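Please read all numbers here as calculations on a predicted model, not as lab measurements.
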Amino acid sequence: MMKEPEISPDFTIEDIHKIREYSAERRIAIGEEAFWAEVHAHSLCMQEKIKEIREKRLAQNAAGISEAV
């Protein structure tokens, strides 16, 4: 199994290159269809997390506005 790249806390240009290389190697190792299925699944998961965060923030804003009134 390939080792995931170590990403700097400062997220540098080198980190971007590491991620691109890792993705290219992974795509070759598991095949195009499986790779893109995995990418799609991760994107759906992240979309759901973003939706939850937005809903939570809207609820907090609404609660803050009610308290101010």
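Annotation: salt bridge (Lys or Arg N to Asp or Glu O under 4.0 Å) contacts of Glu48 (sequence neighbours excluded): none.
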Let's go through Lys51 and Glu55 carefully: what are the C-alpha distance in whole Å and the side-chain angles of both, what is the deciding distance for side chain to side chain contact (heavy atoms under 4.5 Å, CB included) to 0.1 Å, and is it a yes or a no?
CA-CA 6 Å; Lys51 181 181 173 186; Glu55 289 172 351; 3.2 Å; yes

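Every pair passing side-chain hydrogen bond (donor to acceptor under 3.5 Å, both in side chains) that includes a residue from residues 27-42 is listed here, sequence neighbours excluded: Arg26-Glu38, Arg27-Glu32, Glu32-Trp36.
The distance from atom CD1 of Ile28 to atom OG of Ser23, rounded to the nearest 0.5 Å, is 11.0 Å. Atom NZ in Lys56 sits 12.5 Å away from atom CG in Asn61 (nearest 0.5 Å). In this structure, CD1 in Ile50 is found 5.5 Å from CE in Met46, a value given to the nearest 0.5 Å.
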Contacts under 3.5 angstrom, residues 7-18 side chains, donor-acceptor by atom type, not counting sequence neighbours:
| residue | atom | partner | partner atom | Å |
| --- | --- | --- | --- | --- |
| Ser8 | OG | Asp10 | N | 3.1 |
| Thr12 | OG1 | Glu14 | N | 3.4 |
| Thr12 | OG1 | Glu14 | OE1 | 3.1 |
| Thr12 | OG1 | Asp15 | N | 3.3 |
| Thr12 | OG1 | Asp15 | OD2 | 3.3 |
| Asp15 | OD1 | Ser8 | N | 3.2 |
| Asp15 | OD2 | Ser8 | N | 3.2 |
| Asp15 | OD2 | Thr12 | N | 2.8 |
| Lys18 | NZ | Glu6 | O | 3.1 |

